[in-house]
Amino acid sequence: MKILYAIQGTGNGHISRAREIVPLLQQYGDLDLLVSGTEAEVSLAQPLKYQFHGFSFVFGSNGGVDKWATAKLMNLPQMWRDMRSLPLRDYDLIINDFEPVSAWACKTQRVPSVSLSHQCSFLSPNTPRPKTGLFNYGSLILNNYSPTTHRIGFHFERYDDFIHTPVIRSEIRSLQTSNLGHYTVYLPAYDDKKLTELLKQTDVHWHVFSKRQKVAYTDGNVQVIPVNNEGFNVSLASCDGLLTGGGFEGPAEALFLQKR
């Protein structure tokens with residue numbers, strides 16, 4: 001069987017989960033990998049068949065998405081060319097982790113595909129979500145960003161029959177935990193200098209993993225570390241708790257390790 005596994009490259013959670021899923025898929029057929037997006041610091045051990053610019057959301061420095069930077073990075077003509085270049089008919093199974101190029105290529109060419117993501121769990125009306133007004137920007141994105149014909153969702157509870165509990169990577173399951181008293185921080189939508197100013201006002205030691213820094217430095221009780229998978233895992237395994245945003249894989253792994 002020929003399988004295409006397409007992965008979102010905005011943030012690190014999608015690729016981190018794929019590191020666990022790729023070896024499993026390789027047991028069932030000939031696997032090709034596709035990544036689109038420009039905002040991930042972690043990578044896969046296996047070579048990519050396709051790497052596309054995609055449609056990435058750019059993190060801001062004061063929280064949330066930088067809409068202007070996202071708009072400037074957008075290249076819809078290139079995305080259209082990439083969609084048309086995919087030889088979808090070569091594959092028996094196409095799996096999509098919130099990746100828009102392959103999803104829209106499948107939709108326009110009427111090729112079946114399967115979502116394998118946290119985001120698709122919100123396509124169930126049973127999944128909890130905040131109350132909103134008449135226009136829900138978040139729901140609009142979740143419904144249309146990477147449409148597929150079938151879905152397998154991940155969430156903290158099984159809110160529907162197609163939703164499953166989180167994938168916890170083997171490297172997380174094998175960690176020896178301890179509590180050295182620090183807090184691990186992953187807030188990529190905030191500038192690390194802004195975070196440092198605030199965190200220095202406490203008497204707690206912090207490990208801030210930054211997308212913006214290439215060299216680690218320490219400022220008072222705050223240690224700023226460039227994002228890397230191994231260092232983050234070590235910090236998380238030995239922390240008192242995790243300070244993070246609205247991601248999914250990070251909180252799921254922290255809960256598995258019984259961290260606050």
Side-chain angles (χ1 to χ4, degrees), residues 1-40 42-56 78-124 126-127 141-156 158-173 247-249 252:
M1 182 166 62
K2 186 82 172 185
I3 305 169
L4 176 65
Y5 183 19
I7 308 153
Q8 170 64 251
T10 293
N12 297 310
H14 303 271
I15 292 179
S16 293
R17 181 173 57 228
R19 290 159 69 105
E20 189 72 15
I21 293 174
V22 164
L24 300 176
L25 292 177
Q26 288 176 323
Q27 298 176 24
Y28 292 91
D30 185 9
L31 181 67
D32 286 343
L33 299 174
L34 181 158
V35 172
S36 78
T38 59
E39 297 294 304
V42 297
S43 59
L44 295 167
Q46 300 81 3
L48 300 180
K49 179 74 171 182
Y50 309 99
Q51 186 160 19
F52 295 138
H53 181 82
F55 185 3
S56 286
Q78 183 62 53
M79 184 171 172
W80 175 253
R81 289 191 292 270
D82 292 338
M83 286 167 51
R84 292 176 61 84
S85 73
L86 279 175
L88 298 177
R89 302 292 176 180
D90 292 350
Y91 296 98
D92 303 297
L93 174 62
I94 299 173
I95 301 174
N96 185 293
D97 186 350
F98 205 54
E99 193 287 307
V101 177
S102 63
W104 277 97
C106 287
K107 186 176 179 66
T108 57
Q109 298 179 39
R110 298 183 179 181
V111 174
S113 60
V114 183
S115 285
L116 189 71
S117 69
H118 169 59
Q119 284 78 9
C120 78
S121 68
F122 288 92
L123 299 180
S124 169
N126 301 328
T127 303
I141 292 176
L142 291 171
N143 285 319
N144 297 286
Y145 184 80
S146 59
T148 59
T149 53
H150 303 79
R151 61 193 68 138
I152 299 172
F154 300 111
H155 214 304
F156 296 112
R158 298 199 64 181
Y159 298 111
D160 212 323
D161 58 3
F162 70 91
I163 299 175
H164 302 268
T165 49
V167 174
I168 305 298
R169 294 176 291 154
S170 300
E171 58 190 296
I172 295 295
R173 293 178 179 274
F248 178 64
E249 276 70 32

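Judged as a side chain to side chain donor-acceptor pair (under 3.5 Å), and not counting sequence neighbours, R151 has no contacts. Scanning for side-chain contact (heavy atoms from CB on, under 4.5 Å) contacts around S124 gives N126, T127, D160, F162, I163, with sequence neighbours left out. For F154, there are no ring-ring contact (aromatic ring centres under 6.0 Å, His included) partners two or more places apart in sequence or in a different chain. With sequence neighbours left out, Q26 forms a side chain to side chain donor-acceptor pair (under 3.5 Å) with no residue at all. For S115, the side chain to side chain donor-acceptor pair (under 3.5 Å) test picks out T148, with sequence neighbours left out. By the ring-ring contact (aromatic ring centres under 6.0 Å, His included) test, F156 is found to be paired with F248, residues two or more places apart in sequence or in another chain being considered. By the side-chain contact (heavy atoms from CB on, under 4.5 Å) test, I152 pairs with V114, L116, H164, sequence neighbours left out. Residues satisfying the salt bridge (Lys or Arg N to Asp or Glu O under 4.0 Å) criterion with E20, sequence neighbours excluded, are absent altogether. Partners of A105 by side-chain contact (heavy atoms from CB on, under 4.5 Å), not counting sequence neighbours, listed by chain and number: M83, L86, L88, Q109. With sequence neighbours left out, the side chain to side chain donor-acceptor pair (under 3.5 Å) criterion links D30 to K2.
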Below 3.5 Å, can you tabulate the donor-acceptor pairs from side chains in residues 94-101 to any protein atom, sequence neighbours excluded?
{"residue": "N96", "atom": "OD1", "partner": "F98", "partner atom": "N", "Å": "3.0"}
{"residue": "N96", "atom": "OD1", "partner": "E99", "partner atom": "N", "Å": "2.8"}
{"residue": "N96", "atom": "ND2", "partner": "E99", "partner atom": "O", "Å": "2.7"}
{"residue": "N96", "atom": "ND2", "partner": "S102", "partner atom": "OG", "Å": "2.9"}
{"residue": "D97", "atom": "OD1", "partner": "H14", "partner atom": "ND1", "Å": "2.9"}
{"residue": "D97", "atom": "OD1", "partner": "R17", "partner atom": "NH2", "Å": "3.0"}
{"residue": "D97", "atom": "OD2", "partner": "R17", "partner atom": "NH2", "Å": "2.8"}
{"residue": "E99", "atom": "OE1", "partner": "V101", "partner atom": "N", "Å": "3.4"}
{"residue": "E99", "atom": "OE1", "partner": "S102", "partner atom": "N", "Å": "2.8"}
{"residue": "E99", "atom": "OE1", "partner": "S102", "partner atom": "OG", "Å": "2.6"}
{"residue": "E99", "atom": "OE2", "partner": "S36", "partner atom": "OG", "Å": "2.6"}
{"residue": "E99", "atom": "OE2", "partner": "V101", "partner atom": "N", "Å": "2.8"}

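Although no hydrogens or angles enter the test, the distance criterion places no donor-acceptor pair under 3.5 Å between the side chain of R169 and the main chain of R19.
By the 4.5 Å heavy-atom criterion applied to side chains, Q46 and L33 are counted as neighbours. Using a 4.5 Å heavy-atom cutoff, the side chains of M79 and H53 are not in contact. You'll find the side chain of L34 reaches within 4.5 Å of the side chain of F52, heavy atoms only.
Atom-to-atom distance recorded for Q8:CD and S117:OG is 10.0 Å, nearest 0.5 angstrom. Summarising the geometry, atom CG belonging to N143 is positioned 5.5 Å from atom CG belonging to L123; distances are rounded to the nearest 0.5 Å. With rounding to the nearest 0.5 Å, the separation of CG in L44 from OG in S16 is 9.0 Å. Between I141 atom CD1 and F122 atom CZ the span is 13.0 Å, to the nearest 0.5 Å. Rounding to the nearest 0.5 Å gives a distance of 11.0 Å between CD1 of I21 and CG of L31.
For residues 79-95, the pairs satisfying side-chain hydrogen bond (donor to acceptor under 3.5 Å, both in side chains) are D32-Y91, Y50-Y91, Q78-R81, Q78-D82, with sequence neighbours left out.
Minimum heavy-atom separation, A18 to I7: CB-CD1, 3.7 Å.
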